[in-house]
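Counting starts at 1 for both ligands and their atoms, in listed order.
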Amino acid sequence: MSFVKENANLVKIEDTVFKIVKLAKKAKEQYGPDAVVDATIGSLYGEDGTLVAYNTVFDTLNGISSRTKAAYAGSFTGNDNYREQVCNWLFGDIHLNLAKTVIATPGGTGAVNMTMTCCLQPGQTVLLPEVAWGSYKLMAQEYGLQTKTYSLFENDAFHLNDFRLQCKEVMDAQHKLVVVINDPCHNPTGYSLTGEEWEGVISILNECGKQGPVILLNDIAYLDYSYNLNTVHKYMENFNNISDRVAVVIAFSCSKTLTSYGLRIGAAVVLAQHQQDVDTMETVFEKMARCAWSNINNSGMENFVQVTTTHREQFEKEKAVYIDYLKKRSSILVEEARQCGLPIYPYKE
Ligand code: PLP
């Protein structure tokens with residue numbers, strides 16, 4: 001007898017990150033804290049070994065009124081000023097000629113889950129990177145999707161040939177494609193596609209589009225830690241070249257951008273050639289939001305707007321200090337790996 005649904009997945013979540021965190025903790029007790037480098041959790045830690053909480057972000061949050069904190073959001077798709085500011089933040093310095101909408105979500109997780117569940121039927125296949133954040137697979141399984149993967153690298157470059165092959169196979173089989181690209185600053189490798197690689201991706205997706213609808217899920221969770229913040233959004237101009245049979249959903253997360261993991265703020269940004277297609281996706285996404293989480297943390301959205309407008313300069317200064325730490329830490333890892341002959345994936349940022 002079971003109280004949960006018949007086809008429920010009863011296997012306990014085994015999050016490898018948390019498992020390794022536990023092992024690291026044990027090792028620290030056994031060998032002493034200086035003998036263990038614990039760099040496993042997906043949160044930004046300072047040089048003092050504690051979680052970073054940006055002053056500009058949390059001082060701003062603390063200044064938000066109790067009534068704003070108490071209130072529901074303006075709508076199931078999120079507050080209008082938040083939706084607008086997400087677009088400014090992402091597309092402010094590039095030219096994008098596409099129809100678009102923004103649906104506020106609980107972190108990037110909400111946007112990824114929303115895209116998988118609203119764009120595919122149970123039993124269909126979602127295409128994932130071979131090396132990837134483990135939750136993609138878990139989300140797919142939970143909703144009854146099959147998964148297939150594409151190889152990420154060929155000679156330290158993005159494996160466009162395998163990407164093409166796997167997309168084509170999914171397309172041949174189900175005449176619909178949802179494919180995840182976690183870029184820039186891919187988790188866990190730190191790879192970012194070049195402009196030409198992005199051009200190649202779009203051309204492959206347009207080719208696939210001739211056989212049926214294609215949804216590119218671009219997970220940009222770590223974009224705001226790019227080493228090239230002035231030009232990092234430029235690759236998105238390639239999206240202007242999608243055919244009208246391709247849509248893009250950008251999964252945006254404030255968790256890493258603002259070190260506000262617990263506030264659960266993010267967005268699904270939908271792009272397509274025709275407004276009508278964007279409107280249809282918004283209708284379906286909004287309904288899913290209403291049913292799954294209703295609305296997003298009101299003060300969290302307000303906080304993003306204030307931090308990235310009124311306090312933008314200060315915030316970017318504060319964040320830059322930590323990007324510098326990441327550069328130093330990663331160069332130590334890359335150099336020491338080289339010295340001891342440890343093979344690593346091609347790291348960029
Ligand atoms: N995408 C990737 C690749 C991640 O590593 C994470 C978090 O670890 C997320 C998305 C989603 O994070 P959140 O839901 O906190 O925004």
Side-chain angles (χ1 to χ4, degrees), residues 13-21 38-45 51-54 57-58 61 78 82 86 89-90 102-117 126-140 142-143 147 149-150 152 158 178-193 215-226 232 248-269 285 288-289 292-293 295-297 300-301 303-304 307-308 319 322 326 330 345 347-349:
I13 293 183
E14 192 188 348
D15 191 312
T16 36
V17 172
F18 286 101
K19 196 169 146 196
I20 296 169
V21 168
D38 178 1
T40 53
I41 192 87
S43 308
L44 183 58
Y45 274 52
L51 181 72
V52 173
Y54 292 140
V57 171
F58 292 94
L61 183 67
Y82 172 75
V86 167
W89 185 247
L90 297 182
V102 176
I103 294 99
T105 58
T109 301
V112 173
N113 185 51
M114 177 177 255
T115 308
M116 285 190 193
T117 57
V126 58
L127 186 58
L128 304 175
E130 180 185 42
V131 185
W133 184 43
S135 302
Y136 297 141
K137 204 170 243 176
L138 189 64
M139 288 182 213
E142 191 54 21
Y143 182 61
T147 58
T149 59
Y150 59 88
L152 263 180
F158 186 71
V178 174
V179 56
V180 177
I181 298 186
N182 173 204
D183 187 270
C185 315
H186 171 261
N187 174 14
T189 65
Y191 189 78
S192 291
L193 272 71
I215 298 97
L216 165 65
L217 176 48
N218 179 202
D219 181 352
I220 60 163
Y222 297 89
L223 177 144
D224 286 307
Y225 291 85
S226 166
V232 68
V248 178
V249 181
I250 297 175
F252 169 66
S253 161
C254 288
S255 298
K256 331 282 168 179
T257 299
L258 303 187
T259 67
S260 64
Y261 317 90
L263 274 183
R264 310 307 306 138
I265 309 293
V269 183
F285 282 15
M288 187 243 168
W293 54 74
N295 65 135
I296 297 302
N297 186 312
M301 285 190 281
N303 194 46
F304 172 77
V307 170
T308 57
K319 183 159 68 71
Y322 290 93
L326 293 176
S330 57
Y345 291 108
Y347 176 82
K348 288 199 185 169
E349 48 180 351

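With sequence neighbours excluded, the residues satisfying salt bridge (Lys or Arg N to Asp or Glu O under 4.0 Å) with K19 are E14.
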Could you pull out the N/O contacts under 3.5 angstrom between ligand 1 and the surrounding protein atoms?
unit_1   : atom_1 : unit_2 : atom_2 : d
ligand 1 : 1 (N)  : D219   : OD1    : 3.4
ligand 1 : 1 (N)  : D219   : OD2    : 2.6
ligand 1 : 5 (O)  : N187   : ND2    : 2.8
ligand 1 : 5 (O)  : Y222   : OH     : 3.0
ligand 1 : 8 (O)  : K256   : NZ     : 2.7
ligand 1 : 14 (O) : G108   : N      : 3.3
ligand 1 : 14 (O) : T109   : N      : 3.0
ligand 1 : 14 (O) : T109   : OG1    : 2.4
ligand 1 : 14 (O) : R264   : NH2    : 2.8
ligand 1 : 15 (O) : S255   : OG     : 2.7
ligand 1 : 15 (O) : R264   : NH1    : 2.8
ligand 1 : 16 (O) : G108   : N      : 2.6
ligand 1 : 16 (O) : S253   : OG     : 2.6
ligand 1 : 16 (O) : S255   : OG     : 3.1

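Checking side-chain atoms of N218 against main-chain N and O of I250 turns up no donor-acceptor pair under 3.5 Å. Judged by distance alone, the side chain of K348 and the main-chain N or O of S192 form a donor-acceptor pair under 3.5 Å.
For the pairing with Y136, the side chain to side chain contact (heavy atoms under 4.5 Å, CB included) check across T147, N182, L217 returns one residue only, N182.
Taking all atoms of both residues into account, the shortest heavy-atom contact from Y82 to C254 is OH-SG, 4.2 Å. Of all heavy-atom pairs spanning Y143 and T117, the tightest one is OH-O, 3.1 Å.
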